[in-house]
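Each chain gets a letter, A, B and so on, in the order the sequences are listed, and its residues count up from 1. It should be emphasised that the depicted structure is a prediction, and the values quoted were computed from it without experimental measurement.
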Protein chains: 4
Amino acid sequence: MSLADSQPRPDGPTRGRPRSEAVERSIIEGVMKLLEDGVPLAELSIERIARTAGVGKATIYRRWSGKEELFIDVVRTAEPPDPELPGTSLRDDLVAFLEQMRQRGLMTRSSALLRSVFAQVKSSPKLWDAYHTIVVEPRRRKQVALLLRAQENGELRADIDAELMNDLFIGPMLMRTVMRADTVMRADGDLPEGLSEQIVDAVLEGLRPVSSRTP
Amino acid sequence: MSLADSQPRPDGPTRGRPRSEAVERSIIEGVMKLLEDGVPLAELSIERIARTAGVGKATIYRRWSGKEELFIDVVRTAEPPDPELPGTSLRDDLVAFLEQMRQRGLMTRSSALLRSVFAQVKSSPKLWDAYHTIVVEPRRRKQVALLLRAQENGELRADIDAELMNDLFIGPMLMRTVMRADTVMRADGDLPEGLSEQIVDAVLEGLRPVSSRTP
Amino acid sequence: MSLADSQPRPDGPTRGRPRSEAVERSIIEGVMKLLEDGVPLAELSIERIARTAGVGKATIYRRWSGKEELFIDVVRTAEPPDPELPGTSLRDDLVAFLEQMRQRGLMTRSSALLRSVFAQVKSSPKLWDAYHTIVVEPRRRKQVALLLRAQENGELRADIDAELMNDLFIGPMLMRTVMRADTVMRADGDLPEGLSEQIVDAVLEGLRPVSSRTP
Amino acid sequence: MSLADSQPRPDGPTRGRPRSEAVERSIIEGVMKLLEDGVPLAELSIERIARTAGVGKATIYRRWSGKEELFIDVVRTAEPPDPELPGTSLRDDLVAFLEQMRQRGLMTRSSALLRSVFAQVKSSPKLWDAYHTIVVEPRRRKQVALLLRAQENGELRADIDAELMNDLFIGPMLMRTVMRADTVMRADGDLPEGLSEQIVDAVLEGLRPVSSRTP
DNA sequence: GCCTAACCGAGACGGTACGTCACGTCTTTTA
DNA sequence: TAAAAGACGTGACGTACCGTCTCGGTTAGGC
């Protein structure tokens, strides 16, 4: 799960001068710097990245097979780790997941970065698959596991698929962070504090067993 | 709402030979044909589009300022019209909206096309704004109006913002059609018949006034 | 020999609106004006000429089949008429011819024009042929006739071809006006007053019969 | 005096892969081949030259700033070297110079080529200056030096400028090689053997001191 | 005093070439 | 052998003209 040499050295492991790890880092950080500086993704050519990182083009191609592969490593580096769950209640854990999505959707510097690479990643099936496998799916599995446990505890209705339930919680926040947030709204008015709680409470209301509903 | 000349003639309205509408159509349909034939979006150069449509490059640039602008019109042309609402009940109307999203998410020819252009549109703030203004926002307004009326009728709780409610319904389906559908799943197993009803019923359960809940 | 309609009207002589002579003039004068203003010949596109003359492109193509044909008429219009010969002596007549060449080679406005179109004319065999037939050859014939008469009078040696003699006089001046004058020298120091007399006198010295030489 | 990199590398002398001389040659020879095959100069686009030489356009622009600069090197490559002078007499040396001009004016393959590029070069002041500096002026200086020595020896009159004298010899041959030869005459009848001697003898007659004239 | 054919300006049209840029590969020197 | 530098063939970019073709609107005869 480390910063992969996506392009492994073809022959033996150690002959001649070894690849410099410093170079690896300076390339990825160079890309991040450019994105943070507001350079549109479309203007991120390999040549420009090499120039920025003070590196030869061949040095990039030796490690990644192209721009897409490189971006996977950039996203992986920038992606925030999964949130620590409070564990105090189902509701609190769900809120924690949504809250992390909301944070990422805010107009911070590092998120502006993420969002633009994200768009690029999304427009390439190959990248999207990789991103899904490495980042999205593991997190989704955690969320679904949480809900399954709650169903077994009787905290949630058992007659609805846990995967669908998960989408009921995640989908609305996604709606705002990915679909609307990046462009239409400029201020963060669309992602106010308390939004996570509002969503979780409203959806949870319909998913609890009848017996345990708010009176 | 007609096929716009995104690049309006700078001068008066009618001097010189008028632009041919047939050419306009053949360009847009040329793009659709290429996409349907499985040409990757990255290989859709203006030169190739012009060649396919049997048209000079200048003729394209006369109408659109670049590939992106052109894609807006392609999406707009392919975008299905808003669904006709049955009007029999709030639930049925909501299902109708979601059902349309589900249909679009299925792996039909025309939708495979749409989804890749859609990704491209999404990766450009300018395009995304335009798409939002022209396509998304009007539809969203209809949906919200529907919910507001239901709140006034007492069919829905009045203590939750109607816009948020709308996201609670739309978000989960979006999750599956846009986020997961294009790559992870190949068969349409993720968008089964009955999905719309499942979502609407589950979410509606938490949004009805306490008095009118399922016992 | 008038300003030709190089592109004659195909059918009968007079049906419909006749072509405007004013338009004809304004096109040719437009070209001259552009050249006098120092616009490089290479930048003289048909589109620009039409714009300058306030004329549609088709109006130009109706008269000339292309840029080259048009330039013939421009040169013809600008070419100075043959000089009037004093007739006082062979020497004076020869000087008159050379003096005209010298004048044209000076850096006057109208000659800057001529020289640049001349260069263009020269680079196209078709144009060069036309220019030769219309302008150069008739003048050359006059010069040769002059020399032939002088041979009959005994003023010139009879053992040298009159056409070659003509080149002996014309060539040196051409050397300076066409080959060197346009670029290398900037001031007109290379074409000083008295140059024509110098050339004629020097060459004439070798062409007179021995009996009549300067002692 | 080697095949210049008209577009010098901006940086230091030896960094990165050096420019291939083979490519340089194949471009210039490609142009020559096209011209020899009778392709009109106007159809010699950079794209076509690149295609013929099996070379990318950028590789051409890396060396020359445009078609014109390239043509200088083509002309320079094809230009015959200065003739070897017999040194037996002033007359023989002058004949040698003229004879070379006459040879070049004949309808040989390589000269048909040269003459059309030559016309192009002539139509651009910048090119013409360059051509003059590199090719014409050095040769002219040799010729003038020859005449100056003859003046000092008393073989030529001292009262006529040596530069003017030079034009008296060169001009007439130029008249036939450059002005008339390319188009009007087709066969080489205008440049017969013996022409050089005829011109030199006729002009020399007027330039010798009176004492040494043909009786 | 109409009729109508040809003119006129404007500018769209399918092409071709321009000169620039980035692609991914390759060949140098230097370390 | 890696690394920087940059040349290489390829091909798309967006612009400018080419010569042809519609447009709406004149402008002169011939009836």
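- Nearer the 5' end of DNA chain F, as judged by each residue's closest nucleotide, is the contact made by Glu21(A), out of Ile46(C) and Glu21(A).
- Within 4.0 Å of Gly54(D), counting heavy atoms only, lie sugar-phosphate atoms of the nucleic acid but no base atom.
- At least one donor-acceptor pair under 3.5 Å links the side chain of Thr52(C) to the backbone N or O of Arg48(C).
- Phosphate contact (OP1/OP2 of dA3(F), side-chain N/O of Arg62(A), threshold under 4.0 Å): present.
- Between Ile60(B) atom CD1 and dG14(E) atom P the separation is 9 Å, expressed in whole Å.
- Taking the side chain as every heavy atom from C-beta outward, Trp64(B) and Ile72(B) never approach each other to under 4.5 Å.
- When the nucleotides dC8(F), dC7(E), dA4(F) are ranked by their closest atom to the side chain of Arg19(C), dC7(E) comes out on top.
- The main-chain N or O of Val55(A) is never found under 3.5 Å from a side-chain atom of Thr59(A) such that the two would form a donor-acceptor pair.
- Here Arg48(D) lies out of heavy-atom contact (under 4.0 Å) with every strand.
- Nearer to the 5' terminus of DNA chain F, by closest-nucleotide assignment, is the contact made by Pro18(D) (compared with the other of Pro18(D) and Ala58(B)).
- Nearest heavy-atom pair, Ser26(B) versus Ala53(B), reported as atom, atom and distance to 0.1 Å: O-CB, 3.7 Å.
- The CD-C1' distance, from Glu68(B) to dC13(F), rounds to 14 Å in whole Å.
- Between the side chain of Arg17(B) and the base of dC23(F), no donor-acceptor pair under 3.5 Å is found.
- In this structure the side chain of Ile49(B) reaches within 4.5 angstrom of the side chain of Leu70(B), judged on heavy atoms.
- The nearest whole Å value for the distance from the CD atom in Glu43(C) to the C1' atom in dT15(F) is 15 Å.
- Not a single donor-acceptor contact under 3.5 angstrom links the side-chain atoms of Lys57(B) to the base of dG15(E).
- Taking side-chain N and O atoms only, Arg63(A) has a distance below 4.0 Å to OP1 or OP2 of dA3(F).
- An OP1 or OP2 oxygen of dC7(E) is reached within less than 4.0 angstrom by no side-chain nitrogen or oxygen of Thr59(C).
- Within the 4.0 angstrom heavy-atom criterion, no nucleotide atom of any strand lies near Ala50(B).
- Atom P of nucleotide dA12(E) and atom CZ of Arg25(B) are separated by 18 Å, given to the nearest angstrom.
- The side chain of Tyr61(D) lies closest to dT20(E) when the candidates are dT20(E), dC8(E), dG14(E).
- A residue-by-residue look at Gly16(D) and Val23(C) shows that Val23(C) has its nearest nucleotide of DNA chain E further toward the 5' end.
- At whole-Å resolution of the value, CD1 in Ile49(A) and C1' in dA4(F) are 17 Å apart.
- For the pair Glu24(B) and Arg19(B), the salt-bridge criterion is not met [side-chain N within less than 4.0 Å of a carboxylate O].
- Closest contact between the side chain of Glu47(C) and the listed nucleotides dG19(F), dC13(F), dG9(F) involves dG19(F).
- Comparing Leu44(A) and Gly66(D) by the nucleotide of DNA chain E that holds the closest heavy atom to each, the one mapping nearer the 5' end is Gly66(D).
- For dC17(F), one of the phosphate oxygens OP1 or OP2 lies less than 4.0 angstrom from a side-chain nitrogen or oxygen of Arg51(C).
- OP1 and OP2 of dG24(E) both lie 4.0 Å or more from every side-chain N or O belonging to Lys67(A).
- We find that CG of Leu41(B) is positioned 15 Å from C1' of dA12(F), with the value rounded to whole Å.
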